[in-house]
Amino acid sequence: MTTQEKQNSSVMGTYGRFPVVLDSGSGENCTDENGKSYIDFGSGIGTSSLGYCNEAWTEAVCTQAKKLQHTSNLYYTKVQADYAEALCNKTGYSKVFFCNSGAESNECAIKLARKYSFDKYGKGRHNIITLVNSFHGRTMCTLSATGQDVFHNYFFPFIEGFRYAVANDIEDMKSKIDDTVCAVMMEYVQGEGGVNALDKEFVDAVYEICAEKDILVITDEVQTGVGRTGTFLAGEQFGHKADVVTLAKGIAGGLPMGACLANEKCENVLDKGSHGSTFGGNPVCCAAAQAVLDTVTGAGFLDEVNKKAVYIREKLAAIDGVKSVSGLGLMIGIELENMTALDVANAALEKGLLVLTAKTKVRLLPPLTITYDEIDKGLAILANIIK
């Protein structure tokens with residue numbers, strides 16, 4: 001029985017997998033079980049932010065794994081305390097809750113927003129506005145928060161208390177706001193929704209309205225955060241700091257970790273017993289996340305991310321068959337003229353390049369450490385396919 005057959009016979013069929021068995025990786029390249037090498041322009045959906053088996057990351061993980069792998073949050077650990085302090089200092093937030101995924105980070109933010117409003121205003125002020133075409137996770141609550149009809153099926157009844165406003169339409173947003181709304185939740189770049197960035201004017205207006213009405217702003221930076229867009233948080237490019245921000249994916253360089261950060265207004269909303277996680281803030285994950293944070297915040301690192309982003313976007317825009325390029329930084333969407341995104345992804349796989357899709361677009365989320373040589377090789381493969 002092959003690896004694919006074995007996995008398909010034992011694992012629930014919830015994924016549309018590409019027909020390749022990945023076996024090992026180094027830097028920005030990985031190798032399948034047959035020895036074929038691939039340039040990775042997807043980095044595990046933006047999760048392997050430093051590529052495969054980065055030296056500093058691997059050393060941090062192995063050292064911590066040999067020392068203490070888990071304690072639960074009934075006890076303190078120095079590695080969690082140090083990382084929490086470093087992350088809060090870098091982002092300017094007051095406190096953080098650690099969990100295991102983006103969905104859990106968003107679940108925490110939703111609970112925080114509703115409790116903030118309940119504590120201050122009582123019952124009835126619980127609705128949260130998200131955006132049409134958004135994606136916030138796969139749990140029942142975060143599926144309900146997701147503004148895509150395709151996800152609102154099968155699992156009825158969904159969680160009440162969510163409204164969906166059209167992205168970049170401030171009048172539609174205003175029409176959804178009333179005295180029952182406690183928060184607006186949005187992605188600065190809608191990743192799964194097609195790699196579409198919000199307009200700054202729309203973001204400005206949302207913050208202004210929410211400030212007037214004491215409505216919390218939650219920004220889902222699960223995919224945009226930790227340097228992906230060229231700044232540590234994408235919100236820096238929009239000139240705003242949300243009340244609550246969620247992180248995951250690239251935060252720990254490939255280990256399961258999420259974080260929900262809160263400002264001074266919200267730092268004490270979730271009190272003892274109101275939320276929790278058995279694995280959240282796991283010592284090995286915190287060690288990995290510290291290695292990522294140290295690398296991404298190192299001198300000149302994000303400058304290089306921005307230079308690479310400009311380089312890739314200019315090269316892509318010049319390819320015949322590319323209609324447009326969207327997103328921010330190294331979060332890239334490619335709109336095609338004559339091919340489907342899935343056809344390009346399958347053809348790229350055959351040629352030794354891993355790419356992603358997002359609705360009708362090819363999506364690129366290369367490791368932040370990718371070299372110009374690997375960029376050129378990968379783009380040459382893409383260009384030949386798209387032409």
Side-chain angles (χ1 to χ4, degrees), residues 73 76-99 102 104-123 125-130 136 145 177 179-188 198 200 203-222 224-227 229 231-248 251 257-277 280-281 286 289-290 293 296-297:
N73 285 299
Y76 295 89
T77 62
K78 185 176 187 302
V79 65
Q80 185 184 130
D82 288 346
Y83 177 64
E85 181 182 54
L87 182 63
C88 287
N89 286 342
K90 172 58 186 173
T91 58
Y93 282 88
S94 299
K95 290 187 179 178
V96 60
F97 176 86
F98 290 123
C99 51
E104 290 181 47
S105 300
N106 288 331
E107 192 95 9
C108 177
I110 290 165
K111 288 179 69 174
L112 187 155
R114 287 181 170 171
K115 188 172 184 298
Y116 170 84
S117 192
F118 181 89
D119 290 347
K120 193 168 183 179
Y121 300 101
K123 287 184 178 180
R125 196 177 185 268
H126 58 266
N127 285 309
I128 295 175
I129 299 174
T130 67
H136 297 295
I177 292 177
D179 292 339
T180 69
V181 172
C182 66
V184 172
M185 185 175 188
M186 59 188 181
E187 305 156 280
Y188 289 113
L198 298 181
K200 188 176 185 306
V203 172
D204 290 344
V206 168
Y207 273 91
E208 183 178 352
I209 294 167
C210 289
E212 290 173 0
K213 299 180 178 293
D214 194 24
I215 293 171
L216 299 185
V217 176
I218 302 168
T219 52
D220 177 343
E221 294 227 29
V222 167
T224 58
V226 197
T229 65
T231 47
F232 193 81
L233 297 177
E236 297 171 47
Q237 298 181 51
F238 288 83
H240 290 286
K241 181 182 173 185
D243 297 293
V244 179
V245 61
T246 60
L247 301 172
I251 191 173
M257 187 173 192
C260 179
L261 290 151
N263 64 8
E264 290 181 3
K265 183 165 70 173
C266 301
E267 64 177 332
N268 295 317
V269 172
L270 294 178
D271 50 9
K272 192 179 296 183
S274 63
H275 199 45
S277 170
C286 283
Q290 186 68 63
L293 182 65
V296 171
T297 59

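Here, residue 1 is the first one in the sequence, and each next residue gets the next number.
Annotation: ring-ring contact (aromatic ring centres under 6.0 Å, His included) contacts of Y116 (sequence neighbours excluded): none. Take Q237 and apply the side-chain contact (heavy atoms from CB on, under 4.5 Å) test, not counting sequence neighbours, and it matches T229, T231, L328. Residues that satisfy the salt bridge (charged side-chain N to carboxylate O under 4.0 Å, His left out) test with K213, not counting sequence neighbours, are absent from this structure. Considering only residues two or more places apart in sequence or on other chains, E104 meets the side-chain contact (heavy atoms from CB on, under 4.5 Å) condition with C99, N100, S101, S277. Considering only residues two or more places apart in sequence or on other chains, K120 meets the salt bridge (charged side-chain N to carboxylate O under 4.0 Å, His left out) condition with D214. Partners of H126 according to the ring-ring contact (aromatic ring centres under 6.0 Å, His included) rule, which considers only residues two or more places apart in sequence or in another chain, do not exist here. Every residue meeting the side-chain contact (heavy atoms from CB on, under 4.5 Å) condition with T77, not counting sequence neighbours, appears here in chain and number order: L68, T71, V79, Q80, P283. Partners of F238 by ring-ring contact (aromatic ring centres under 6.0 Å, His included), not counting sequence neighbours, listed by chain and number: Y188. Residues satisfying the salt bridge (charged side-chain N to carboxylate O under 4.0 Å, His left out) test with D271, not counting sequence neighbours, are K115. When the salt bridge (charged side-chain N to carboxylate O under 4.0 Å, His left out) test is applied to K272, no partner is found at least two apart in sequence or on another chain. For the side-chain hydrogen bond (donor to acceptor under 3.5 Å, both in side chains) test, residues two or more places apart in sequence or in another chain that qualify with T180 are N127, R163, D178. Under the side-chain contact (heavy atoms from CB on, under 4.5 Å) criterion, E212 pairs with E208, sequence neighbours left out.
Taking each heavy atom of L87 and L293 in turn, the nearest pair found is N-CD2, 4.0 Å. The shortest non-hydrogen separation linking S117 to C182 is CB-CB, 3.6 Å.
With rounding to the nearest 0.5 angstrom, the CZ atom of R125 is 13.0 Å from the CZ atom of R114.
Taking the six-membered ring where the residue is Trp, H275 and F97 present tilted rings, their angle falling between 30° and 60°.
The cationic group of K241 lies under 6.0 Å from the six-membered ring centre of Y93 and within 45° of the ring axis, placing it in a cation-pi geometry.
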